[in-house]
Amino acid sequence: MCDMFPYPSGDLHMGHAEAYAIGDVIARYWVLKGFNVLHPIGWDAFGLPAENAAIKNNVDPGTWTYANIEQQKASMRNYACSFDWDRVLYTCDPTYYRWNQWFFLEMFKRGLAYRKYSAVNWCTQCQTVLANEQVVAGLCERCDSQVTKKKLAQWYLRITDYADRLLEDMDQLEGKWPEKVLLMQRNWIGRSQGAHVQFVIEGREEPVSVYTTRPDTLFGATFFVVAADSDLAAELASGTPAEAEFNAYLDKVKASSEMDRLESGREKTGVFLERYAINPVNGEKIPVYAADYVLADYGTGAIMAVPAHDQRDLDFARAFKLPVTVVVDSDEDPRETGIATTDNGVLVNSGPLDGLTKAEAIPRMIEVLEERGTGSAATNYRLRDWLISRQRYWGTPIPIIHCEKCGEVAVPEDQLPVELPSTEGLDLSPKGVSPLATAHDWVNVACSNCGGPALRDTDTMDTFVDSSWYFLRYADSQNSEAAFDPKKVAEWLPVDQYVGGVTHAILHLLYARFWVKVAHDMGLVDFVEPFTRLLNQGMVLKDGSAMSKSRGNLVRLTEELEINGVDAIRLSMVFAGPPEDDIDWAEVSPSGSKKFLARAWRLAGDVTSEVGADPTQGDQQLRKATHKAIRDGELNVESLRFNVLVARVMELVNATRKAIDTGCGPADPAVREAVETVAIMLSVVCPYTAEEMWMLLGHEPTVARAAWPTVDPSLLVEDSVTCVVQIAGKIRDKLQVSPDISQAELEALAMASTEIIDALTGQEIRMVVVRAPKLVNIVLK
RNA sequence: GUCCCCGUAGUCCAAUCGGCAGAGACACCCGGCUUAAACCCGGCACAGUGUGGGUUCAAAUCCCACCGGGGACACCA
């Protein structure tokens, strides 16, 4: 049972309260069921908030981080989280991050980590590069600032090599992860099938390849578009009469923000480059444009435009008065409607493809292209390689030395960890270059290969590296010889139940899945998916919106605990609704929880029978209620419906209260059985109250180690059940029948009922539906 | 714009396979306890399942459309 580990920014808030209450219920339940449960915790301790706080308050980021961790740790202990405190890890500790470096070098050796000079996402506020996954709608995921493009040499991890496996292994997660998360991951990877098609450009030696999912429409390609910000566009424009116009356009494109670019309904713009491409299937000369609606970093950065059957191409064709050729038959004519047709018609005006459907035409066209050597089938992905370099201080140093002679040299394993230099004398403020670059004593080293003068890589790793494998480290968190002992990981992992917010649906979960697959290929783990089951708990809202410092609607856990107590808060969180739903704090009633806890606790004091009293001698009705509660409790915990679990315990408390006051009385052994059951079931949610009850009942501590009660199946069988007798769907009579009554017996019984006989007088029966033992429906003509 | 999820008492939420709409709680109201109140104990009451169709002996549950709320993606060729 693993909770997503926290980031140590300030004290815990109500969001943590919900997540950890849920995780703790699961962990405590399985302990009571007799399982050996690993319920670890650690801190995701590297990252920008610490660094920014350090700059602002002029303290060491480590000092700030560890102070916050201590505060959170104290709150967690108070909150009664059953964490294994011997296995705690902090990702900012060299004993942890040295294994980030080790993994990185292993990947470097395998060609999975590489350095590349290219246009990258640059956050103007954080002054660092960002991974694709960290750019949300053109803004920095962390600070919501504008993201621009910048050309830099950066380190990447080859996650695209794993795209197919990341998709295909999702089959294992079907039904165990939220459907929504699986869908988001699929969309993010964005695999599509199509073809590469080679177009000769007049006056250029090399043909240019385009990617298309609709090679069948190649006869309808009437123009050609290259991404304005691609190298190809600049090259094609250079030396043409259009060069000046192109440069002006490019400047405009660069100046427009990512936000503008994403705006929907935006008019298509572009520049004719005064050059022509040759359509490989019909030899037609088609004009080449540069435009910003084609993305430089998807596919090949160039497209064949088929305006009749692609809306974007059609919009562009209409704006630039370009011809539109229909090659898929349809009732509507895109030239008139302005709407591109994408339905499954029959191919026309397409030479050898005429008369074929889309499904037939695509493979046929690929054959034609392959015969002529001008194209081939292709798979394309939206997923890009994971850029992990960051130009900030508070992260894992990249263990590479740059030597003039030897190039990129891995730091030898016996020199790991490459520790961060002291912040003393360093200026951490964001300035576009890693602060590590100014730690001269640290940067200048002898090349470990040739001994010559060399420089350390001054970037640090994305903190998502830290969280991509921490759950593996829990199995062996003190290991100083290796990231972990594979045998220990095999013993505990994969994580049976992972709990955390849906905000990590893509980033963290995708990276962790990738990392585990790499570890699998390295022979370190014997599984390919890190988290067997995933629960995304909802958010805790205040007055309809997410709690945040800026809104000023933050509810601090510490204060709530002082007012209401730990158990009441845990209970309120769990009882407020299904765990995946958002909770509005305004609708939560800790006082109601307190009332219930007091009510449950009072039961323990009322029991007068001795410890060990034989319940089989007790009141059968109460025993049935008890065992039904146990059974339902199991079902509800195991299907993660903790709110219903609580309702069942409340039900049992009510039944017991009644039994004591007006039923069998407090001395009945069934009362003891019921109250002990309440204590044990309640202990997963409210451990303090349950412990008090356990002691009042005369038991030795601790209820957390008591066994979950065993259900007596004979007590689950009802003596009789109510059968509803309907005529034409309306209830006319109710019968008390044995639960194992036969269909025929029940029908006979129903037909013999005086009410039914009366109601059927003068009626003709068409059919009788019998569902023993619950229902009989008599249908009339 | 496309896709996905959700609409059940005043409120939060339950309801194995389609089979008596109500488990639990909040709030309200009424009794009991109390000099009185709080606490506590007990009880009453409250919806026919967003709307309109369809399938079925039978629909909160399955299908279609619409309305309302939430979310994801958004020039991915």
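First the proteins, then the strands, lettered A, B, ... as listed; each starts at 1.
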S.K.: In whole Å, I'd like the distance from the CZ atom of F575(A) to the P atom of A23(B).
M.R.: 14 Å
S.K.: Strictly below 4.0 Å: does R599(A) bring a side-chain N or O up to OP1 or OP2 of G42(B)?
M.R.: yes
S.K.: When both hydrogen-bonding distances must be under 3.5 Å and the geometry is Watson-Crick or G-U wobble, what is C66(B) paired with, if anything?
M.R.: G50(B)
S.K.: Between F224(A) and Y289(A) (judged by ring centroids, cut-off 6.0 Å), do the two rings come close enough to count as a pair?
M.R.: no
S.K.: Just call it for T722(A): base, sugar-phosphate, or nothing, with non-hydrogen atoms closer than 4.0 Å on any strand.
M.R.: base
S.K.: For RNA chain B, whose closest nucleotide is more 5', that of K774(A) or that of M767(A)?
M.R.: K774(A)
S.K.: Select base, sugar-phosphate, or nothing to describe what K594(A) touches, counting heavy atoms under 4.0 Å on all strands.
M.R.: nothing
S.K.: Answer yes or no: does a side-chain N or O of Y293(A) lie under 4.0 Å from OP1 or OP2 of A77(B)?
M.R.: no
S.K.: Could you identify the nucleotide paired to C75(B), looking across every strand shown and requiring Watson-Crick or G-U wobble geometry with both distances under 3.5 Å?
M.R.: none
S.K.: Under 4.0 Å: is that the gap between some side-chain N or O of K595(A) and OP1 or OP2 of C26(B)?
M.R.: yes
S.K.: Can you see if the side chain of R641(A) gets near the phosphate of A15(B) - specifically, an N or O under 4.0 Å from OP1 or OP2?
M.R.: yes
S.K.: Touch check for F596(A), heavy atoms < 4.0 angstrom, all strands: base, sugar-phosphate only, or nothing?
M.R.: nothing
S.K.: Take atom CD1 of I727(A) and atom C1' of C57(B), then tell me their distance rounded to the nearest Å.
M.R.: 13 Å
S.K.: Regarding N187(A), tell me which of base, sugar-phosphate or nothing describes its non-hydrogen contacts under 4.0 Å with the strands shown.
M.R.: nothing
S.K.: Find the distance L682(A):CG to G24(B):P and express it as a whole number of Å.
M.R.: 17 Å
S.K.: Examine distances only and state if a side-chain atom of S572(A) and a backbone atom of V588(A) form a donor-acceptor pair shorter than 3.5 Å.
M.R.: no
S.K.: Rounded off to whole Å, could you give me the CG-to-P distance for the L183(A) and G71(B) pair?
M.R.: 17 Å
S.K.: Over how many whole Å does the gap from N654(A) atom CG to G43(B) atom C1' extend?
M.R.: 13 Å
S.K.: Please name the nucleotide paired to C13(B) by Watson-Crick or G-U wobble geometry with both distances under 3.5 Å, or report none.
M.R.: G22(B)
S.K.: If pairing requires Watson-Crick or G-U wobble contacts with both distances under 3.5 Å, which nucleotide is the partner of A38(B)?
M.R.: none
S.K.: Regarding R602(A), tell me which of base, sugar-phosphate or nothing describes its non-hydrogen contacts under 4.0 Å with the strands shown.
M.R.: sugar-phosphate
S.K.: So what's U56(B) paired with, Watson-Crick or G-U wobble, going by both distances under 3.5 Å?
M.R.: none
S.K.: Quick one: is R771(A) getting a side-chain N or O under 4.0 Å of the C17(B) phosphate, OP1 or OP2?
M.R.: no
S.K.: Any carboxylate oxygen within less than 4.0 angstrom of a Lys/Arg side-chain nitrogen, looking at D632(A) and R648(A)?
M.R.: yes
S.K.: Answer with yes or no after comparing the ring centroid distance for F223(A) and F316(A) against a 6.0 Å cut-off, counting only values under it.
M.R.: yes
S.K.: Using a 4.0 Å heavy-atom cut-off across all strands, classify Q726(A) as base, sugar-phosphate, or nothing.
M.R.: base
